Amino acid sequence: MKQTVDLQALLKKAKLLQTYAYAPYSLFRVSAIVTLKNGNHITGVNVENAAYSAGICAERNALAQVFAQGYQKNDVSYLFLITDSKIIGSPCGVCRQFMIETMPSEAIIYISNKNDNNDIKSIISIVVKDLLPMAFKPNALKGN
Ligand SMILES: [Zn+2]
């Protein structure tokens with residue numbers, strides 16, 4: 001079943017969520033909305049830390065919540081991401097690796113920049129499997 005994607009509604013919600021980000025060091029606020037196949041939204045924001053590497057990106061924050069709420073990879077339909085960037089931001093390498101294992105390979109990632117004009121035509125999309133060619137996958141751990 002193909003879901004209708006209301007990018008305007010997601011953009012509005014993602015912008016509100018950005019205000020919840022904890023980004024006192026970078027001042028770079030990011031939010032992510034995972035839409036499940038049942039239509040539920042699971043959200044995340046970036047949460048920084050004075051020990052920088054202890055922080056977490058919005059995408060991984062949201063995707064971890066998918067599992068914490070009892071859902072699985074195949075319950076995920078798509079993810080919407082917005083950053084404070086004037087150009088289109090892109091998930092970091094760690095998030096790409098995380099997405100490969102926690103989202104269906106054909107799931108779409110929608111990415112918006114700061115988008116002051118609320119222009120949904122500026123939102124790009126990419127399929128999870130194209131985010132990280134030659135990703136490290138679970139089967140690489142087998143066969144020892
Ligand atoms: Zn990241």
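Values below: every heavy atom of this structure, side chains too, minus hydrogens, waters and symmetry copies. Remember, it's 1-based here, ligands and their atoms both numbered in the order they're listed. These figures come from a predicted structure and were not determined experimentally.
The ring pair (Phe, Tyr, Trp, His ring centres under 6.0 Å) contacts involving residues 24-52 comprise Tyr25-Tyr52, where partners must be two or more places apart or lie in separate chains.
Salt-bridge annotation for Lys137 and Glu101: absent, with no side-chain N of the basic residue lying under 4.0 Å from a carboxylate O of the acidic one. Under a 4.0 Å N-O distance rule, the pair Asp75/Lys37 does not qualify as a salt bridge.
No hydrogens or angles considered: nothing links the side chains of Thr102 and Arg60 as a donor-acceptor pair under 3.5 Å. Side-chain contact check for Asn118 and Lys15: at least one donor-acceptor pair (N or O, by modelled atom type) lies under 3.5 Å.
With Asn46 contributing its side chain and Ala58 its backbone, the two residues share no donor-acceptor pair below 3.5 Å.
Less than 2.8 Å away from the Zn ion (ligand 1), the protein contributes these N/O/S atoms: Cys57 SG, Cys92 SG, Cys95 SG.
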